[in-house]
Visitor: 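Mind looking over this structure? Questions follow.
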Amino acid sequence: MMALFNLGYFKFSQKFAIDCFLLSLLFFTTVAVTSIYVSSERTFYWWDYAGYNTATVNAANLFRDSPAKAWREVMESLAKEKNLLISLPLVPFVLLFGESRLSYILSVSLIYVLPFRFLLGAISARLIPVEPRRVFWSTVFLSLLVPVTWIPTLRGYLDTGGCVFVALAILVYLQDIRLKCWWRIPLIGFLLAGAILLRRHFAYSAIAFFAAAGLQVIIESIVHYLRGEAITPSPYPKYLFEFGVKLSTIAIISFAILMLVAGDFTRSAVTVNYRDLYAAWSLPLGDILNRYAGFYGLGTWLLVAVGFSAGMLTRMLALDAAIFVLPFGILSLVEWLVVLRYGYLHYTIHITPIVLLGLSSFCWASWLKLRGKVRYLILGAAGFYLIVNFAVGLIPVKLNLSKLFVANFGPLVRSDYDEVLKLVEFLRKLAPDREPIYIAGASNNFNANILRQANRRVNPPEDWWKLNAIGRPQIDSRDTYPLPELLQAQFAVVAEPFQQVLPEDEQVLRSGEQDVVKVVYDAFTQNWEIARDFQLLPEQFKLENNVTVSVYRRIRPTSIPTAVRTLAAMQRQIVDRPGTQLDWISLQQSVYTSANYSVSRVTDNLYNIVTEPIKNSNKLDTSFLYLGAISEKAQVTGKLNLPNQLCPGVLLRLTLWDDRGKLIDSAEMVDGRTSAIDLNLLLEGKNPSYLLLEVLSSDKQDLTSQCRLEIDNLAVR
């Protein structure tokens, strides 16, 4: 008995030692590859590549300075599209090891990506029911050879954190597919809700989960029927009803958690039409298929297809697990490659699990079902391909190989690094008091975010934000006409040729979706009337890809007729109204206007407007232009309120304009009372195109800093 105990203990110790060695090897491989890659980069990160990093570092600084304030910030972020929950696990790592890019990327790799690899290994061991330890570790190390398991993280995305929750939900489900243990139901609901809370797009993974579970019941029933077996001791309709109730309970629990933790976010996610809002990101089918061929390599897709086919035909795969995993993977492919067609790198994490499980199936089918030299030849060829594919994807050399291999996503290096810094320092000296600088360009090579990040690189934390580079609007389906930003701008930076996102870029858009940027570029390069309010400075900067950057300084305010004619020209060039453009647009030219007013839509034709005195001034001078349809008799109604009694009054002026900037009619109203009064003015004229609402100081006197105007239910009839 003692000998048997000693033998068992020895085997356990041996397995434990091997597991520790493999874990250490995985850890050091992750640290080494990440460190070498990030240290090889010399660039300024932009958009998504910088946003998550910046948010995480800012959260860490908040917790260092004031934990109570940091927690309030986290709670407030729950109502936003991107919240800080996903950054929280990274905060201790950043506080401990510093704010560098390498520290951030390592934190994501070790805290999110490593557990993700382990979970895929565990799912693979459930899918391939032979030698579970070997299946587990082989899948984990196989994942290291797939470049897309590295690239989103190396580019700064932390979305793998959400995928950890989805993978854990799948693993819990596969361990009890009929959900006989009641506690698995709320656990799965919590995990799916957690994934969505971390990143909204995991709602599509939840949809694929529920659809795959429903399909599994149907497929499993058909298979058992063909085999002449009973799927369950209870009648099939009763089993189907009970399973439907269990899935519904999971969905209800997930939704309840989302409403409880982030109610505003959930209501917005349910009501907002994201398909229209993100139409610019939805690529043509041919383009998205081409991108996903480049993300993995056609050779990888071939191995995946052969792996699943061989696994099913040889019955190597566990049937109950396979008829969930395969529908889940197919549904995910349909969602992202057919329905949504978003081409950003981080969306690959919805597809990567099925790719890795297919590769693992290929390797184990070859090992278990082939014999002799054929086995080693097939596995050797597949291994050689995966190693070359890994190198092609990550080495710092661009290789134009066939689609058989992955595209290159090597370290980012800018040849014009020093020239960008010179441009930033020049702009800082031009605008020492945060004067707005409009950036007429939005490409992966040149945009406002790159300039802000470059300024952050060379200036101390308390000063980096002082470069007020205006980077929006950028995208037609998401943004607005660029007139308000252009009117505020004291400087304009124009890059030639026009800088836009190209189909082959990593952060990609559908072609023709940046007219809101192009129209400002055209205004300066074609010498529109508004461009004459600026003066071209002699300094120029030469960036990579033969880009020349010029800087313009405002020499006078833009007149209202010029602003009206500019808007008309923008509308002619941008055929469809930008996706979030309201009927009212600001014409205020104060550099502080961003905090000076708010416009919100109540219904389709009713608006609320709130104006405040301009910062550093007691004046109230704000203008709004109405873009909606106007008849030759325009009646303007609403409810006016001056809530503070210290305000002596305001003057409201309404004017009608045609698209040539000609004044047609005007009406005025003075409000000197603090109680709410009705606004009801009528204007008439032929062929009106716009209606201008000006909020002015009454009797041209200065107002107190307490003067605030509220216009509720503002309507143009």
Side-chain angles (χ1 to χ4, degrees), residues 27 30-31 34-35 38-39 41 44-116 152-165 168 190-191 193-202 257-266 268 346 349 434 449 452-467 595:
F27 175 84
T30 300
V31 172
T34 303
S35 300
V38 176
S39 300
E41 294 192 313
F44 307 104
Y45 304 101
W46 69 101
W47 296 339
D48 283 359
Y49 294 173
Y52 301 96
N53 188 350
T54 302
T56 301
V57 169
N58 289 343
N61 289 332
L62 273 176
F63 275 99
R64 180 190 292 114
D65 298 337
S66 174
K69 184 178 179 181
W71 280 114
R72 286 197 301 271
E73 191 80 14
V74 171
M75 293 299 103
E76 290 173 1
S77 75
L78 292 176
K80 301 177 182 178
E81 186 82 7
K82 298 178 181 178
N83 60 59
L84 294 176
L85 285 181
I86 199 168
S87 294
L88 285 183
L90 312 179
V91 166
F93 195 101
V94 173
L95 290 176
L96 188 61
F97 295 102
E99 302 176 4
S100 69
R101 177 75 172 187
L102 178 58
S103 174
Y104 165 73
I105 299 297
L106 277 174
S107 70
V108 180
S109 299
L110 297 176
I111 295 172
Y112 284 146
V113 181
L114 273 188
F116 177 60
T153 300
L154 294 173
R155 286 290 188 263
Y157 289 105
L158 39 66
D159 296 57
T160 308
C163 214
V164 167
F165 279 71
L168 191 54
F190 168 79
L191 292 171
I196 299 170
L197 282 172
L198 295 184
R199 291 295 282 119
R200 180 186 55 80
H201 58 81
F202 284 104
I257 292 173
L258 289 171
M259 288 298 297
L260 181 65
V261 177
D264 291 340
F265 159 80
T266 305
S268 174
H346 62 298
I349 61 178
R434 296 194 72 242
N449 199 231
R452 286 194 292 265
Q453 292 299 322
N455 185 57
R456 183 172 190 155
R457 185 75 55 86
V458 297
N459 286 288
E462 61 272 14
D463 287 335
W464 71 264
W465 54 271
K466 291 185 178 179
L467 183 69

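Along the sequence shown, residues are numbered consecutively beginning with 1.
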Visitor: To the nearest 0.5 Å, how far apart are CD1 in Ile349 and CZ in Arg199?
Guide: 8.5 Å
Visitor: Do any pairs count as a salt bridge (Lys or Arg N to Asp or Glu O under 4.0 Å) and have a residue in residues 88-97, sequence neighbours left out, and if so which ones?
Guide: none
Visitor: With sequence neighbours excluded, give me every salt bridge (Lys or Arg N to Asp or Glu O under 4.0 Å) pair touching residues 101-112.
Guide: none
Visitor: Under the side chain to side chain contact (heavy atoms under 4.5 Å, CB included) rule, what do Leu110 and Phe27 come out as? Steps first, then yes or no, please.
Guide: CA-CA 8 Å; Leu110 297 176; Phe27 175 84; 3.8 Å; yes
Visitor: Any chance you could measure Leu154, atom CG, to Tyr49, atom OH, to the nearest 0.5 Å?
Guide: 11.0 Å
Visitor: Counting only N and O atoms by type, is there a donor-acceptor contact under 3.5 Å from the side chain of Tyr52 to the main-chain atoms of Ile86?
Guide: no
Visitor: Can any side-chain N or O of Tyr104 pair as donor or acceptor with the backbone N or O of Gly156 at less than 3.5 Å?
Guide: yes
Visitor: Can you list the steps and then say if Thr56 with Val94 is a side chain to side chain contact (heavy atoms under 4.5 Å, CB included)?
Guide: CA-CA 8 Å; Thr56 301; Val94 173; 4.1 Å; yes
Visitor: Within the side chain of Thr266, is there an N or O that forms a donor-acceptor pair under 3.5 Å with the backbone of Ala262?
Guide: yes
Visitor: Would you mind reporting whether Phe63 and Leu88 have side-chain heavy atoms less than 4.5 Å apart?
Guide: yes
Visitor: Parallel, tilted or perpendicular: which fits the ring planes of His201 and His346, with parallel below 30° and perpendicular above 60°?
Guide: perpendicular
Visitor: Which atom pair, heavy atoms only, marks the closest approach of Leu467 to Arg452?
Guide: O-CG, 4.1 Å
Visitor: By the salt bridge (Lys or Arg N to Asp or Glu O under 4.0 Å) test, which pairs, at least two apart or in different chains, include something from residues 77-96?
Guide: Asp48-Lys82, Glu81-Arg200
Visitor: Would a 4.5 Å heavy-atom cut-off, applied to side chains only, mark Pro89 and Tyr112 as touching?
Guide: yes
Visitor: From Thr153 OG1 over to Asp159 CG, what is the distance, rounded to the nearest 0.5 angstrom?
Guide: 9.0 Å
Visitor: Looking at every heavy atom in both Leu102 and Ser39, which two are closest together, and how far apart are they?
Guide: CD2-OG, 4.5 Å
Visitor: Considering residues at least two apart in sequence or located in another chain, which fulfil the side chain to side chain contact (heavy atoms under 4.5 Å, CB included) criterion with Asn83?
Guide: Ser77, Leu78, Leu85
Visitor: Is the closest side-chain heavy-atom distance between Ile105 and Glu41 below 4.5 Å?
Guide: no
Visitor: Do you know the tightest heavy-atom contact between Gly98 and Ser103?
Guide: O-OG, 2.8 Å
Visitor: Of all heavy-atom pairs between Ser109 and Thr34, which one has the smallest distance, and what is that distance?
Guide: OG-OG1, 3.7 Å
Visitor: Please, which pairs that meet side chain to side chain donor-acceptor pair (under 3.5 Å) have at least one residue in residues 67-76, sequence neighbours excluded?
Guide: none
Visitor: Going from SG on Cys163 to CG on Leu168, what distance comes out if it is rounded to the nearest 0.5 angstrom?
Guide: 11.5 Å
Visitor: How long is the gap from CG on Leu198 to CZ on Phe165, to the nearest 0.5 Å?
Guide: 5.0 Å
Visitor: On a heavy-atom basis, which atom in Gly162 and which in Ala195 lie closest, and how many Å separate them?
Guide: O-CB, 3.4 Å
Visitor: Quick check: do Ser87 and Leu158 have side-chain heavy atoms less than 4.5 Å from each other?
Guide: yes
Visitor: If you round to the nearest 0.5 Å, how far is CD1 of Ile111 from CZ of Phe93?
Guide: 6.5 Å
Visitor: Arg64: what forms a salt bridge (Lys or Arg N to Asp or Glu O under 4.0 Å) with it, not counting sequence neighbours?
Guide: Glu99
